[in-house]
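Below: the structure, in structure tokens.
All values reported here derive from a predicted model rather than from experimental measurement. All ligand and atom numbering here is 1-based and tracks the order in the structure.
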Amino acid sequence: MKTFSYERAESVEHAVEAVKGHPAAKFIAGGSNLLDLMKHEIEAPTHLVDVNHLGLDRIEETPEGGLRIGALVRNSDLAWDPRVRSRYAVLARALLAGASGQLRNRATTAGNLLQRTRCYYFYDPAKPCNKREPGSGCSALEGFNRIHAIVGQSEHCIATHPSDMAIAMRVLDATVETASAEGGRAIPIAEFHRLPGDRPDVDTTLRADELITHVALPPPPPGAQVYRKVRDRASYAFALVSVAAVTEVEDGRIRSARVALGGVAHKPWRKEEAEAGLADQAPRDAAEAADAALLQGAHGHGSNDFKIPLARQTLAAVFSSVEG
Ligand code: SF4
């Protein structure tokens with residue numbers, strides 16, 4: 001690990017001032033991904049600003065009937081909050097499907113959104129990787145790419161986003177709130193994570209000097225909430241494919257549906273423009289329509305070809321579970 005200086009921030013203002021004009025500074029909270037990246041020297045911040053003591057560890061009701069989640073709320077606390085369990089079951093289930101109990105006790109809401117890909121080559125400094133070292137190449141394209149993307153990938157990177165929580169937040173239309181020395185902003189989660197394009201080294205639209213302070217959830221959408229994750233073992237494994245869905249069914253027909261896929265792209269994968277077309281269909285037909293929209297243009301790279309039928313089957317299973 002490279003040497004770095006450390007500073008404990010006592011307020012949001014202190015934290016954002018501490019990184020101002022300091023491009024190699026990083027905020028640290030749970031550290032469950034950043035410390036690994038530092039040990040592998042994939043990330044080498046010269047200054048760490050500890051944001052664990054900013055009071056951003058509460059979940060508040062909003063006047064609109066939603067929730068405002070502090071960036072430092074631990075994944076376990078969020079998953080077991082009674083309001084999350086009763087009104088945002090898709091989020092509670094996604095959180096509990098992620099990592100292990102110990103990691104969920106440590107990992108924060110903001111850190112979960114910011115965790116980086118688990119592409120094997122990204123963590124192996126001996127192998128070319130455009131995400132780690134822009135312009136060096138992508139070892140996964142011709143390598144072992146079992147966990148890699150089938151949609152939204154580019155010739156420069158085929159990595160996937162590893163978070164379960166973010167997939168649920170995507171169907172819930174969450175908003176990421178930030179602070180910086182220049183002021184704060186609210187970023188819809190649809191615009192928070194990026195596709196790789198020709199800059200796979202940039203995962204999100206968050207600026208280096210911006211601190212996530214909260215994630216806001218609007219009032220829960222009507223309908224049954226489902227999170228289904230397919231993985232190589234029953235726990236402590238990232239999704240090969242996951243589906244987050246909120247479906248409203250009446251008299252055997254879909255009234256409204258929101259669907260996002262995880263484990264298949266560089267960001268949570270949702271096509272809102274296709275969701276209106278799912279209405280008035282039987283769940284089985286809606287599953288086929290959702291699959292056609294979400295997997296349009298899908299292609300594998302050899303070891304991950306199986307993800308296309310797996311995503312199709314997982315979507316079908318989710319829709320059949322709400323047939324009633
Ligand atoms: Fe690096 Fe992305 Fe290629 Fe993995 S898929 S080796 S992260 S460029």
Side-chain angles (χ1 to χ4, degrees), residues 1-2 24 26 31-45 98-99 103 107 110-167 170 191-208 229-232 236-242 260-270 294-311:
M1 190 186 283
K2 300 224 166 117
K26 283 251 174 207
S32 55
N33 190 207
L34 181 57
L35 288 177
D36 279 347
L37 293 165
M38 290 172 66
K39 285 180 202 162
H40 285 87
E41 298 190 359
I42 295 160
E43 303 237 13
L103 280 167
N112 192 320
L113 287 176
L114 292 171
Q115 63 179 301
R116 306 203 70 188
T117 185
R118 263 53 181 194
C119 170
Y120 329 108
Y121 304 104
F122 178 62
Y123 289 83
D124 182 352
K127 295 286 193 310
C129 169
N130 287 324
K131 186 179 279 297
R132 177 171 25 81
E133 194 181 334
S136 62
C138 172
S139 298
L141 276 170
E142 302 297 329
F144 186 55
N145 44 47
R146 174 176 165 75
I147 62 170
H148 289 73
I150 51 171
V151 283
Q153 64 273 58
S154 76
E155 60 184 311
H156 304 286
C157 180
I158 59 171
T160 50
H161 182 66
S163 170
D164 293 290
M165 184 195 79
I167 314 304
R170 183 71 179 84
E191 296 165 20
F192 185 77
H193 295 103
R194 293 181 70 254
L195 289 179
D198 60 1
R199 288 298 309 275
D201 53 314
V202 183
D203 290 343
T204 71
T205 54
L206 194 72
R207 296 193 315 267
K229 175 175 179 177
V230 183
R231 48 188 157 173
D232 279 328
Y236 198 33
F238 293 96
L240 294 167
V241 167
S242 68
L261 294 178
V264 298
H266 200 259
K267 61 187 285 186
W269 194 249
R270 182 179 172 197
L294 287 162
L295 298 178
Q296 189 180 26
H299 62 280
H301 301 272
S303 334
N304 69 343
D305 293 348
F306 73 97
K307 281 193 178 185
I308 298 173
L310 184 62

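Partners of H193 by ring-ring contact (aromatic ring centres under 6.0 Å, His included), not counting sequence neighbours, listed by chain and number: H161.
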Report the C-alpha separation of T117 and F238 in whole Å, then their side-chain angles, then the decisive distance to 0.1 Å, and conclude whether the side-chain contact (heavy atoms from CB on, under 4.5 Å) test is met.
CA-CA 10 Å; T117 185; F238 293 96; over 6 Å; no
Go through E133 and N130 one step at a time and tell me if the side chain to side chain donor-acceptor pair (under 3.5 Å) criterion holds.
CA-CA 5 Å; E133 194 181 334; N130 287 324; over 6 Å; no
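Between the side chains of H266 and K131, at least one donor N or O lies within less than 3.5 Å of an accepting N or O.
In this structure, S154 contributes its side chain and H156 its backbone to a donor-acceptor pair below 3.5 Å.
Ligand 1 lies under 4.0 Å from heavy atoms of C119, Y121, F122, C129, N130, K131, C138, S139, A140, H148, H156, C157, I158, A159.
With a 4.5 Å cut-off on side-chain heavy atoms, L141 and I158 count as touching.
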